Protein chains: 2
Amino acid sequence: MIIWQIGKIVVLKNNFFEKAKELVKQTGDRATYHRIRTLCLLLEEHHPLTHREIEERLNVKEQLDRVTLYRVLEWMTKKNLIHKIAGDDRVWRFRVNTDLHSHHHAHFICTRCTKVTCLDEFKLKPNPSLPIGYLLHDIELTVKGFCAECT
Amino acid sequence: MIIWQIGKIVVLKNNFFEKAKELVKQTGDRATYHRIRTLCLLLEEHHPLTHREIEERLNVKEQLDRVTLYRVLEWMTKKNLIHKIAGDDRVWRFRVNTDLHSHHHAHFICTRCTKVTCLDEFKLKPNPSLPIGYLLHDIELTVKGFCAECT
DNA sequence: AATCAAGTGCAACTTGGTTGCATTTGATTA
DNA sequence: TAATCAAATGCAACCAAGTTGCACTTGATT
């Protein structure tokens, strides 16, 4: 069993932790504990999480400042490690970008329970025609409705 | 020249004002002055506006409470007179639904100046395949990048 | 081990949007 | 056309997501 220690904090590494550490290091920026831990959580999750949800899960055992988490998420978005999704409740949801799961797919947002699901089989047209002078960075397709549990 | 008077306020009617009044009355709910005036403004505009922008334009000559405007916009969205668009800045933008301009089209959001443009020629597939038990209400396609002025 | 910019924690702040409640107003009916 | 009353409005206070400034800590480099 591998253990990682930082100050008084002792952490059990798992596969996701190692993977997260590697991904953070690959960016060239500093591989800090909070960055690795946050990315690790997002690697484990299978649906997009809000800042609040991430904070609650990470704070079960150890402290993590709200602001730091905002900055970590912002940094990870900029570094293309994760992507964020806008919902009807004005709250961002975050999900990891793996090689298999890039952000070129659609999202389903349940307007009753606000849960977000990725519709991976939805493929987006890569080169839509835009007005002259417009430059494309990203396409986001969001489907709204009720999920299976809320129907 | 047609004039409409309510309390001390005197209003010059134009084509859009008449049109707005008609649309509000068609809903069956009460045709209040603020509803008509707000819809009138959105009919005149050719690109989506934020709550802030609407407020500023309406308050040039006459007072309109922030909260009332929020409620008017919410009501109009519910009544399908307008639709709202989520941007990267967490701010809703509102645009009128006319017969010619329904909300079944894509939006372009400039990530530098935050201006939103409607991409009317983008047609959305009406019946995408969803997981079993999922119910579709609405599809939203957002294209992000730089607009002609910001490129 | 020493160094120091990058990263973090804390407090205070900004902003978009909401809630509760007293007052006003548009449509209806007498 | 006046009386009526639920629907709509205005005001104040509130909430929650996200941001800023600054002192303190830490990961990588020497």
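Note: hydrogens, waters and symmetry copies are ignored here, and every other heavy atom, side chains too, is used. Just so it is clear: chains get the letters A, B, ... in the order the sequence lines come, proteins before strands, and each one is counted from 1. What you see is a predicted model, and the numbers here were worked out from it, not measured in a lab.
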Check: A:R37 side chain, A:L58 main-chain N or O, donor-acceptor pair, under 3.5 Å: yes

Nearest-Å distance for atom pair NZ/C1', residues B:K79 and D:dA7: 12 Å

Using five base pairs at each end, measure the axis-to-axis angle across the helix from C:dA1-D:dT30 to C:dA30-D:dT1 and round it to 10 degrees. 30°

Would you state whether a donor and an acceptor, one from the side chain of B:R30 and one from the base of D:dA7, lie under 3.5 Å apart? yes

Would you find a donor on one side and an acceptor on the other, under 3.5 Å apart, between the side chain of B:R90 and the backbone of A:R90? yes

Do the two ring centres, one from A:H51 and one from A:F94, sit under 6.0 Å apart? no

Let's see if you can work this out: which of C:dG9, C:dA27, D:dC11 has an atom nearest to the side-chain heavy atoms of B:V67? D:dC11

Quickly work out the B:I36 CD1 to D:dA8 P distance and round it to whole Å. 13 Å

Relative to each other, are the rings of A:Y33 and A:F17 parallel, tilted or perpendicular (30° and 60° limits)? tilted

Length of the CD-P vector between B:E55 and C:dT15, whole Å: 13 Å

Pairing residues for A:H34 by the ring pair (Phe, Tyr, Trp, His ring centres under 6.0 Å) criterion, not counting sequence neighbours: none

How close or far is atom P of D:dC11 from atom CG of B:N59, stated in whole angstroms? 11 Å

Between B:T32 and D:dT9, is there a side-chain N or O to OP1/OP2 distance below 4.0 Å? yes

Side chain of A:H34 only, please: which of D:dA8, C:dC10, C:dT8 is the nearest? C:dT8

For A:E149, I'd like to know if atom CD has over 12 heavy atoms of other residues, nucleotides or ligands within 6.0 Å. no

Quick one: A:M76 CE to C:dG7 C1', roughly how many Å, whole number? 14 Å

Taking B:T111 for its side chain and B:K144 for its backbone only, find out whether a donor-acceptor pair lies under 3.5 Å. no

Give the rounded distance in Å between these two atoms: NZ of B:K25 and C1' of C:dG26. 9 Å

Starting at the 5' end of DNA chain C, which residue's closest nucleotide do you reach first, B:D29 or A:L64? A:L64

How many Å lie between CH2 on A:W75 and P on D:dG27, as a whole number? 14 Å

When you compare the side chain of B:Y70 with that of B:R66, does any pair of heavy atoms fall below 4.5 Å? yes

Sub-3.5 Å pairs of nitrogen or oxygen atoms, protein against nucleotides 16-18 of chain D:
residue: D:dA17; atom: OP2; partner: A:R52; partner atom: NH2; Å: 3.2
residue: D:dA17; atom: O3'; partner: B:R90; partner atom: NH1; Å: 3.1
residue: D:dG18; atom: OP1; partner: A:W92; partner atom: N; Å: 3.4
residue: D:dG18; atom: OP2; partner: A:Y70; partner atom: OH; Å: 3.3
residue: D:dG18; atom: N7; partner: A:R66; partner atom: NH2; Å: 3.2
residue: D:dG18; atom: O6; partner: A:R66; partner atom: NH2; Å: 3.0

Measure from CG on A:L73 to P on C:dT8 and round the result to the nearest Å. 11 Å

Would you check if the side chain of A:N59 reaches a backbone N or O of A:L64 as a donor-acceptor pair within less than 3.5 Å? yes

Report the nucleotide, chosen from D:dG27, D:dT9, C:dC10, that has the shortest atom-to-atom distance to any side-chain atom of A:R71. C:dC10

